[in-house]
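Written out below as structure tokens is the structure these notes cover.
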Amino acid sequence: MKKSLIFIFLLFSFHSYANTYYSLGTDKEVLGAGFEESLTMPLDSCLDGDWVYQGGTQGQLSYQGGYQSDTMINTIAGSVKGGINLVIFGGSAKFSMRRKVTKNSTSAASVIELNYNKGSYNFENRRTKDDITNQLASDPVAVRNKCGDSFIHNVQLGSNLYVTAKIHFNSRSEYEWYQTKIKVKFLFFSKTFTKTKEFYEATKNAVYSIQVNTDGGMTPKLAQLTQGGSTKYCKTDNMDACIDYAESIFNYLLDGGDYANDLTDDYLNPIKFDTASYEKSGHYDLAYAGVPTFSQRYRELSERLRVYQDFVDDEIENINAFLAVAETDAQKDPLIARLAERQQQKTSLSDAGDYCYTLPGTTLCEQRIEAAIATVN
């Protein structure tokens, strides 16, 4: 299939004092929002100002044979500069998507990644909000904790779209057997693909899937092609329906299809943002408001929570794969029960993260996280 797009490239200029983060899609990742660099966490908005559009478009297509989840952290989360640096307690949906497009302990994956950057907005004519100025006189420490040490001064709009082929296995041992015996790493098969005896034996209990995941860019045509969902499941002895599904998606995305034209502003979201310190921006009233009371323990708690969120997300994906191809009630019933249990655990973990995002104190945060973790078995 033809894999080509017309791209117009733009070099974006970033201030030397800015740090760049990939958006996790929280409601606080907006221009002018305060930001605490020590926690890499958006806070309250303490500045007024104007959104100034910079324009420009950029596109990129890439193939990842085996997309590692940890590697993808650098793509859809964390700091672009200086290594992995997560935005804590935020973006549960984005982190869940990261698991869907990467391999894990019970699934192999291949990914076609399509990135589109529409342009960006700068935050200009900045001024401290009147209520913040008034509060500075009476409680500067509260202002420091509310506003952070920086603010979001640039937001880039765009869409990251991933088409992923996966083979899901019943257990880690079956997956490892497949990895040992089968050397095929590209999992986008054609109908002419001839399965060897080894391939059949290694995947006879597995499920094949084609997934479409995006943090924007779900145009009406793409929604139609995915039929309101995003994943097609097939047994490995009959993958024709999944192969047809993948071809229809790629025809729209790549083979002279209309995706690039359909991708209007309505389907774009913030995909990354830049922060700048109050001091270097000249807002000395906020830069020297007081000594912060943030604890680095929040980061440790966020990382502990994420481990369990990843585990539950992987389990949910695996259950959904086998439930989709189950044929009898005897096969379906235990999967349905297990899925309901995992979904509840997912909600509890997400709620704990949302609670900790309010920075209630590390003791209260830890209690909430541990209570949620205790439900995971």
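All values below were derived from every heavy atom in this structure, side-chain atoms included, with hydrogens, water molecules and symmetry-related copies excluded.
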Can a salt bridge be assigned to the pair D262 and K221 using a cut-off of 4.0 Å between side-chain N and carboxylate O? no

Output yes when a side-chain donor or acceptor of T375 lies under 3.5 Å from a complementary backbone atom of A371, and no otherwise. no

Please determine whether residues V212 and L225 belong to a single hydrophobic cluster, defined as Ile, Leu, Val, Met, Phe, Trp and Tyr linked transitively by side-chain heavy-atom distances below 4.5 Å. yes

Measure from the side-chain N and O atoms of T236 to the backbone N and O of T203, and report whether any donor-acceptor pair falls under 3.5 Å. yes

Give the minimum heavy-atom separation between P140 and A289, together with the two atoms involved. CB-O, 2.5 Å

Just so I know, are the side chains of R126 and F151 near enough to count as touching, which here means a heavy-atom distance under 4.5 Å? yes

Cut-off 3.5 Å, side chains only: do E37 and T275 have a donor facing an acceptor? yes

Electrostatic pair E300-R297, nearest N-O below 4.0 angstrom: yes

Side chains of N377 and E341: do they bring a donor and an acceptor to under 3.5 Å? yes

Atom of I249, atom of L222 and distance for their closest heavy-atom approach: CD1-CD1, 4.1 Å

Non-hydrogen side-chain atoms of V163 and V111 separated by less than 4.5 Å: no

So which of F273, F294, Y278 actually passes ring-ring contact (aromatic ring centres under 6.0 Å, His included) with F35? F273

Quick one: are L359 and M41 in side-chain contact, heavy atoms under 4.5 Å? yes

A quick test of your reading: do over 12 heavy atoms of other residues, nucleotides or ligands sit less than 6.0 Å from CG of D130? no

Salt-bridge present (K346, D313; N to O < 4.0 Å): yes

If the threshold is 4.0 Å, N to carboxylate O, is there a salt bridge linking E366 and R304? no

What about Y355 and Y308, same hydrophobic cluster or not, with Ile/Leu/Val/Met/Phe/Trp/Tyr joined at side-chain heavy-atom distances under 4.5 Å? no

With clusters defined by side-chain heavy atoms of hydrophobic residues (ILVMFWY) lying less than 4.5 Å apart, directly or transitively, does L31 cluster with Y53? yes

Under a plain distance cut-off of 3.5 Å, with no hydrogens placed, do T164 and Q211 share a side-chain donor-acceptor pair? no

Ignoring hydrogens and geometry, is there a side-chain-to-backbone donor-acceptor pair from R342 to A340 under 3.5 Å? no

Indicate whether any N or O donor in one side chain lies under 3.5 Å from an N or O acceptor in the other, for T40 and R299. yes

Any idea how Y175 and F169 line up, ring-wise: parallel (<30°), tilted (30 to 60°), or perpendicular (>60°)? tilted

Looking at side-chain heavy atoms only, is the closest gap between L187 and K166 below 4.5 Å? no

Hey, does C365 have a side-chain heavy atom less than 4.5 Å from the side chain of R368? no

Name of the residue among Y259, Y267, Y252 meeting side chain to side chain donor-acceptor pair (under 3.5 Å) with T219: Y252

Please check this pair: side chain of D139 against backbone of Q135, looking for a donor-acceptor N/O pair closer than 3.5 Å. no

State whether a side-chain donor-acceptor pair under 3.5 Å links E279 with Y288. yes

Quick one: does S23's side chain have a donor or acceptor within less than 3.5 Å of a partner on P270's backbone? yes

Is there a path from V30 to L286 through hydrophobic residues (I, L, V, M, F, W, Y) whose side chains come within less than 4.5 Å of each other? no

Between H168 and Y233, what is the ring plane arrangement, given parallel below 30°, perpendicular above 60°, and tilted in between? tilted

Check this for me, if you would: do K146 and D44 make a salt bridge, where the nitrogen-to-carboxylate-oxygen distance has to be below 4.0 angstrom? no

With heavy-atom distances below 4.5 Å as the criterion, would you say the side chains of D215 and Y162 are in contact? no

Indicate the ring-plane relationship of F188 and F186, choosing parallel, tilted or perpendicular according to the 30° and 60° boundaries. tilted

Donor + acceptor pair across side chains of E113, N160 (<3.5 Å): no

Side chain of N318, backbone of D314: donor and acceptor closer than 3.5 Å? no

Minimum side-chain heavy-atom gap N19-D274 below 4.5 Å: no

Taking the side chain as everything from C-beta on, heavy atoms only, tell me whether I210 gets closer than 4.5 Å to T231. no

Closest approach of M239 to C234 (non-hydrogen atoms, all atoms of both residues): CA-CB, 4.0 Å

Do other residues, nucleotides or ligands put more than 12 heavy atoms under 6.0 Å from F193 CZ? yes

For residues N145 and E36, is any side-chain donor paired with an opposing acceptor at under 3.5 Å? no

Determine whether the side chains of N104 and S107 contain a donor N or O and an acceptor N or O closer than 3.5 Å. yes

Salt-bridge criterion met for K235 and E327 (N-O under 4.0 Å): yes

Pair K181 + E201: basic N to acidic O under 4.0 Å: no

Where does the angle between the aromatic ring planes of F89 and Y298 fall among parallel (under 30°), tilted (30 to 60°) and perpendicular (over 60°)? perpendicular

Short side-chain donor-acceptor distance under 3.5 Å, N122 and N154: yes

Salt bridge K191-D244, side-chain N to carboxylate O under 4.0 Å: yes

